[in-house]
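Here is the structure we will look at, set down as structure tokens.
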Amino acid sequence: EEEGIRLMDVRRLRNKKHRIKLHREKLRKPSLVDSYCTDDESVPSSRRYSNTTFPLFSNLSDDEVILSHSQETGSGLKVSHSAPSCRLLVEDTDDAQREFFPFVHLPLDCKLKILSYLSSIEKGRSMRVCKEWCHILRTPSLWINIVLWDFPLTCVPMATSSRGGSHSNGDCYTCYKRRVHGFACFLMKIRPLIRRLEFKFDIYPDSDGYLEMLKNLLRCISFREIRYMMFNWKDTPARPFWLEDLKKCRCQDVLYSCKLRARQCIYFFDDLSRHLTKVETLILPFDWSCNKNVENLVRLKTLKTLVLEKSSVFQSVAQSRLDRVLSGLPNLRQLMLEIWAPSGVTMCKYELNSKSMEFLDVSQSRGFYLRSLNMPSLRRFRVARHPWNGPMVFSAHLNIPCLYEVLRNGAPNLSILNDHYLMEDWKDACYPRLEEVLKSVCSCRKHKTGWMM
């Protein structure tokens with residue numbers, strides 16, 4: 001009898017649990033996966049996008065859209081970001097059944113696309129996850145954007161320090177150089193087709209080996225696919241200034257080292273310009289003193305954006321070399337020019353002629369004044385008035401042309417002056433707002449106040 005009563009209690013409990021389960025299934029709201037599936041489908045289908053309650057194209061990421069939908073509908077959707085696989089978990093409140101899509105099961109093209117969004121440092125760290133990731137990250141197509149200088153200036157580990165638990169800034173910079181040269185060796189092994197390259201290192205003295213490193217890259221890797229090139233050969237941003245040699249702080253030694261640095265740059269730029277056959281953007285400090293350097297620059301016929309920074313202070317530029325650069329680059333659209341010319345009674349006033357120029361920026365130049373302008377396609381012009389770089393001179397002894405007259409005669413399609421949008425009839429009359437802008441940038445007698453320059 002006791003066993004019969006016990007069996008009856010078990011049956012009643014099972015029937016009660018079954019009725020509760022049926023009641024819960026009736027009240028359960030459809031999940032996100034159910035909205036994708038039809039009655040005869042067991043997996044999500046791409047034909048059911050019309051049943052979604054969120055927009056297909058939004059500013060939210062996929063994870064944010066899924067989470068927002070789960071909060072609205074009450075479904076048990078969770079996103080797991082555990083490495084090495086990103087999992088989409090679909091949790092049922094009763095069964096706790098999970099489905100996931102691991103990273104290792106994705107096609108190779110999808111893996112390469114995901115890993116392409118990582119920076120160079122992040123890619124290097126990801127190569128230590130597993131052998132598969134290390135093999136995938138050696139694919140040359142992942143290394144088309146190269147930034148050679150962007151490494152952390154961190155100290156060497158305490159345990160490996162040569163000073164027994166202490167370190168100095170020299171040790172940090174030594175570790176930085178080791179990272180840079182190790183990265184260059186890695187690139188020479190996989191030989192990628194580089195499209196963007198940034199180089200910011202002092203090429204003189206060559207004790208750090210940066211110039212030789214770049215020469216080896218030029219020998220082992222093809223530079224013909226580069227579209228963007230930043231070549232700062234003057235200084236190393238990561239090098240602490242207190243590591244400089246105090247014996248070379250004299251004025252004569254500084255001038256001598258600047259000349260040697262510029263000479264080495266001219267020789268290397270001669271080889272570099274022969275390989276940059278498709279470059280469209282070039283940024284570098286430019287030495288105007290050598291005609292060979294100008295001819296090397298003119299080889300780059302595909303240039304569209306050019307930034308020429310100053311290589312030395314108070315370096316006069318011949319008008320013929322400016323004309324050679326502008327006439328020898330027929331596809332040039334944007335030009336940023338930084339020239340620090342000597343000022344005084346014998347200062348030069350320049351003429352700029354280009355039919356393709358659309359953007360011109362001379363706001364970083366000093367002692368650079370325009371006499372005339374012939375740029376029919378120019379849309380935007382930036383200029384600034386900097387302090388005088390030379391002996392004090394009476395303004396009456398100088399005849400600096402008015403910037404308004406230069407622009408009205410030489411840039412008829414100009415629409416923006418600095419950050420000011422010009423009115424349509426600006427060439428007919430100088431309205432008050434434009435007059436205020438000219439008083440802040442023009443150095444003529446009309447707009448420059450004061451009797452001294």
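Residue indices begin at 1 and follow the sequence shown.
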>> Could you go through Glu435 and His447, starting from their C-alpha distance and side-chain angles, then the distance that decides it, and tell me whether this counts as side-chain hydrogen bond (donor to acceptor under 3.5 Å, both in side chains)?
In response: CA-CA 8 Å; Glu435 191 72 23; His447 298 108; 3.0 Å; yes
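- No donor-acceptor pair under 3.5 Å is formed between the side chain of Arg195 and the backbone N or O of Ile144.
- Note: Phe286 and Phe231 fail the aromatic proximity criterion, with ring centroids not under 6.0 Å apart.
- Within 6.0 Å of atom NZ in Lys301, more than 12 heavy atoms from other residues, nucleotides or ligands are found, so the atom counts as buried in its surroundings.
- Within the model, atoms CZ of Phe186 and OG of Ser120 stand 9.5 Å from one another, a figure rounded to the nearest 0.5 Å.
- Remark: side-chain polar atoms of Ser354 are not paired, donor with acceptor, to backbone N or O of Met375 under 3.5 angstrom.
- Shortest non-hydrogen contact noted between Val317 and Ile339 is CG2-CG2, 3.7 Å.
- Residue Tyr267 places its OH atom among 12 or fewer non-hydrogen atoms of other residues, nucleotides or ligands, all under 6.0 Å distant.
- Taking both residues in full, the closest heavy atoms of Met423 and Trp426 are given as O-CD1, 2.9 Å, listed atom of the first, atom of the second, then distance.
- Of all the heavy atoms in Leu276 and Phe223, the pair that sits closest is CD2-O, 3.9 Å.
- Ion pair Asp419/Arg380 flagged as a salt bridge, since at least one NZ, NE, NH1 or NH2 atom sits closer than 4.0 Å to an Asp/Glu carboxylate oxygen.
- Between Pro330 and Arg333, the closest heavy-atom pair is O-NH1, 4.0 Å.
- Looking at Lys427 and Glu405, no side-chain N of the basic residue comes within less than 4.0 Å of a carboxylate O on the acidic one, giving no salt bridge.
- Distance alone, capped at 3.5 Å, places no donor-acceptor pair between the Lys177 side chain and the Tyr210 backbone.
- Around the NZ atom of Lys304, the shell of radius 6.0 Å holds no more than 12 heavy atoms that belong to other residues, nucleotides or ligands.
- Checked by atom type and distance alone, the side chain of Glu122 pairs as donor or acceptor with a backbone atom of Ser119 at under 3.5 Å.
- The CD atom of Glu351 sits 6.5 Å away from the CG atom of Asn353 when rounded to the nearest 0.5 Å.
- In this structure a side-chain-to-backbone donor-acceptor pair under 3.5 Å is present from Arg321 to Ser289.
- Here His275 pairs with nothing under the ring-ring contact (aromatic ring centres under 6.0 Å, His included) rule; sequence neighbours left out.
- What you find for Cys402 and Cys442 is that their closest heavy atoms are CA-SG, 4.0 Å.
- Under the side-chain hydrogen bond (donor to acceptor under 3.5 Å, both in side chains) criterion, the residue pairs touching residues 134-152 are Trp149-Glu198, with sequence neighbours excluded.
- A side-chain donor-acceptor contact under 3.5 Å links Thr302 to the backbone of Val279.
- A salt bridge does not link Arg379 with Glu358: every distance from a Lys NZ or Arg NE/NH1/NH2 to an Asp or Glu carboxylate oxygen is 4.0 Å or more.
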> Which is it for Tyr404 and Asn409 under the side-chain hydrogen bond (donor to acceptor under 3.5 Å, both in side chains) test, yes or no, and what are the steps along the way?
Replying inline: CA-CA 9 Å; Tyr404 175 74; Asn409 298 328; over 6 Å; no
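- Here the shortest heavy-atom pairing between Leu370 and Pro401 reads O-CG, 3.7 Å.
- The pair Glu338-Arg366 does not meet the salt-bridge criterion, since no charged nitrogen lies less than 4.0 angstrom from a carboxylate oxygen.
- Under 3.5 Å, the side chains of Arg299 and Ser273 contain a donor-acceptor pair of N or O atoms.
- One finds a salt bridge joining Arg274 and Asp270 here, because a Lys/Arg side-chain nitrogen approaches an Asp/Glu carboxylate oxygen to under 4.0 Å.
- Between Phe183 and Phe151, the ring-plane angle classifies as perpendicular under the 30° and 60° cut-offs.
- Side chains of His420 and Glu436: a donor-acceptor N/O pair is absent below 3.5 angstrom, by distance only.
- Salt bridge annotation for Asp202-Lys234: absent, with no cationic side-chain nitrogen under 4.0 angstrom from a carboxylate oxygen.
- A salt bridge links Arg239 with Asp208: the closest approach of a Lys/Arg side-chain nitrogen to an acidic carboxylate oxygen falls below 4.0 angstrom.
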